[in-house]
Amino acid sequence: MHNLKEIRKNFDAFEKELKKRTTEINFSQLKKLDIQNREFIQKKENLEKEKKDISKSKDKSLFAKSKELSISLDEISKKQNVLKSELEKILSNIPNLPHPDVPSGKDENDNVEIGKFGQIPDFNFKPKSHYELGEELGMLDFDLATKTTGSRFVFVKSKLALLERALSNFMLDIHIQKNGYEEISPPLLASENTMFGTGQLPKFENDQFEVKLDKDAERKFLIPTAEVILTNIVKDKILDIKSLPMRFVASTPCFRKEAGSYGKDTKGMIRQHQFYKVEMVSVVEQNKCLDELERMTKCATGILDLLELPYRKIILCSGDMGFSAEKTYDIEVWLPSENKYREISSCSSCSTFQAVRMKTRYKDSNKDTLYAGTLNGSGLAIGRTLIAILENYQQKDGSITIPKVLKPYMNNLEKISIN
RNA sequence: GGAGAGAUGGCUGAGCGGUUGAAAGCACCGGUCUUGAAAACCGGCAAAGGGGCAACUCUUUCCUGGGUUCGAAUCCCAGUCUCUCCGCCA
């Protein structure tokens, strides 16, 4: 969320920056409401002052007057509350501003490739897709998931289930032992306010799975990513500057409705309602966001280097970035069956955007209270890593070689093949 | 599910209906002292919002929402959450 005080300083410049994100925000309405709101605040404060003075004076002859003041104060407060909530409604739906580094563009076609890394495998046969390989091995079962649950779910079985678990442990170990993240095993449900803090609500409610609870209970949502719950660790806090940077990592299931993606990636496990992901979150001083973003992205690509999977790094254009991000790198892994790169990680700096929503601050050396910077990145999406290993490590006979670094996590298994 | 207790500043924790934005302690910052550090002593230290070029000033905030009152952290009502004990259960 943006700080209205900052917007007010240069309303037109803000509007111009925001236009890069192709949004439909009613600026004149925002401006008008802000002016009106401040007028009402002043009226309100005048009355409050008058009332306060009377009660301080303890002058009985003025008590009746004070009672009258209360009535008009009540009216004005009500009006001001309406203005304020309208203002907040608009504000909470405005996305973050793109950082100047970010190329402007409309959609994913305008993203800019930064580099390609790793060796694309050269097969002397036609590589199969991950779902062909998995189903032939008898270790990916989509039909069974349809029977028990519905579409966009999968049963992962046997050695592939072991591979999935190995990936999770391997990635966690690297981030904990080499990259300085603290391991967290968080709740998988988040409250409404928590979802607001990272920007999933109110605008993207349709993408979230909400849990059905007793009628009057507080609403709860299945996390679409551990980012939500990890970032909100610092919600409503004034942090000690010495505790920064804070770095958290968790491997959790993620739940997404994938509304609006009907017909997209329907085959296989590229796009599922549920998938495992290892997520990194950093909380930093606000001027350290971009450095941390580079660091975090390296933590993500480091995993791919170790797994010896070919990938490329791209920077998202202004129109393709997530709601809370100021700058985002996507990491895409090579998928032989599709003959192209597919997203496997996304690392974003959210500047102070989420911190304003969460009220996360710290004091700098001048004792000024500043909003913190937050970042999040996948390191990596487990399901898609599994896919990438199936496809890139496949052999002509349909077996899968195990990447070197994973063998210790898989009882030194050399390869997965049909029994 | 049954019975109690509680929710106050970065943290711990006081608080008769009227200079209480809120004691005290810790933490933190500055200073004195010291070769340096520690200790001791002195001083400072809430957030959000409004107005002002600024010095500064005003308002709000003691879980949330109502109510009583000229005046509420303090009294009343409702709700949320947390803790303890018992029961049930992973």
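Throughout, a chain's letter reflects where its sequence line sits, starting with A, and its residues are numbered from 1. In this text the structure is predicted, and so the values were computed from the model without any measurement.
- A search for salt bridge (Lys or Arg N to Asp or Glu O under 4.0 Å) contacts involving A/E45 returns nothing, not counting sequence neighbours.
- No contact: A/S57 has no heavy atom under 4.0 Å from any strand.
- Here the C1' atom of nucleotide B/C28 and the NZ atom of A/K363 are 10 Å apart, to the nearest Å.
- Atom P of nucleotide B/G50 and atom CG of A/N81 are separated by 15 Å, given to the nearest angstrom.
- B/C85 and B/C29 have their P atoms separated by 39 Å, given to the nearest Å.
- Going from the P atom of B/C88 to that of B/G79 covers 29 Å, rounded to whole Å.
- The separation between A/I41 atom CD1 and B/A48 atom C1' is 11 Å, rounded to whole Å.
- Per the geometry, CG belonging to A/D236 stands 15 Å off C1' belonging to B/A7, to the nearest Å.
- When the side-chain nitrogen and oxygen atoms of A/R8 are compared with OP1 and OP2 of B/G49, none of them lie within a distance under 4.0 Å.
- Just one of A/T401, A/L160, A/L406 meets the side chain to side chain contact (heavy atoms under 4.5 Å, CB included) condition when paired with A/I389; it is A/L406.
- Remark: C1' of B/G49 and CD1 of A/I35 are 17 Å apart, rounded to the nearest angstrom.
- Atom CG in A/N3 sits roughly 14 Å away from atom C1' in B/A47 (whole-Å rounding).
- Taking the C1' atoms as reference points, B/G15 lies 34 Å from B/G2, given to the whole Å.
- Taking atom NZ of A/K9 as the reference point, atom P of B/G51 lies 13 Å away to the nearest angstrom.
- Checked by atom type, the side-chain pair A/K313/A/T297 shows no donor-acceptor distance below 3.5 Å.
- Contacts with RNA chain B (heavy atom under 4.0 Å) in residues 237-247 of chain A: A/I238, listed by number.
- Taking the ring pair (Phe, Tyr, Trp, His ring centres under 6.0 Å) definition, one finds that A/F323 meets it with A/F204, A/F353, sequence neighbours left out.
- A/D368 has its side chain out of reach of A/K363: every pair of non-hydrogen atoms, C-beta onward, lies at least 4.5 Å apart.
- Residue-to-nucleotide proximity on RNA chain B shows that, of A/D368 and A/Q42, the 5′-proximal contact is made by A/D368.
- Remark: the separation of the P atoms in B/A46 and B/A40 is 23 Å, to the nearest Å.
- Spacing of C1' atoms, B/G87 relative to B/C75, comes out at 36 Å, to the nearest Å.
- Judged as a salt bridge (Lys or Arg N to Asp or Glu O under 4.0 Å), the pairs with a partner in residues 175-200 of chain A (not counting sequence neighbours) are, in order, A/E192-A/R219.
- For A/E332, the salt bridge (Lys or Arg N to Asp or Glu O under 4.0 Å) criterion is met by A/R312, not counting sequence neighbours.
- Within the structure, every pair that satisfies the side chain to side chain donor-acceptor pair (under 3.5 Å) test and touches residues 239-256 of chain A, not counting sequence neighbours, is listed here: A/S168-A/S251, A/R247-A/E292.
- For the P atom pair drawn from B/C41 and B/C26, the interatomic distance equals 9 Å after rounding to whole Å.
- A/N96 pairs with exactly one of A/S351, A/S349, A/S324 by the side chain to side chain donor-acceptor pair (under 3.5 Å) rule, that one being A/S351.
- With sequence neighbours left out, the side-chain hydrogen bond (donor to acceptor under 3.5 Å, both in side chains) criterion links A/Q286 to no other residue.
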Give the dot-bracket string for RNA chain B, reading 5' to 3', where a pair is Watson-Crick or G-U wobble with both distances under 3.5 Å, ( ) marks pairs inside the strand, [ ] marks pairs crossing earlier ones, | marks a partner on another strand, and . marks unpaired.
((((((((.[[[..)..(.....]]].(((((.......))))).((((((....)))))).[[[[[..)....]]]]])))))))....
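- A/F196 is linked by a ring pair (Phe, Tyr, Trp, His ring centres under 6.0 Å) to nothing, counting only residues two or more places apart in sequence or in another chain.
- Rounded to whole Å, the separation between the C1' atoms of B/U59 and B/C53 comes to 22 Å.
- The list of ring pair (Phe, Tyr, Trp, His ring centres under 6.0 Å) pairs with a residue in residues 139-161 of chain A, not counting sequence neighbours, reads A/F153-A/H273.
- A/K43 has its NZ atom 16 Å from the C1' atom of B/G51, to the nearest Å.
- Going from the C1' atom of B/C33 to that of B/A48 covers 40 Å, rounded to whole Å.
- Put simply, A/R38 has a side-chain N or O that comes within less than 4.0 Å of OP1 or OP2 on B/G51.
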For nucleotides 55-74 of chain B, give me one character per nucleotide, 5' to 3': B if any protein heavy atom sits under 4.0 Å from the base, S if the only such contacts are to the sugar-phosphate, - if neither.
---BBS---------BS---
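- Listed by chain and number, the residues in a side-chain contact (heavy atoms from CB on, under 4.5 Å) with A/V356 are A/M1, A/T352, A/Y371 (sequence neighbours excluded).
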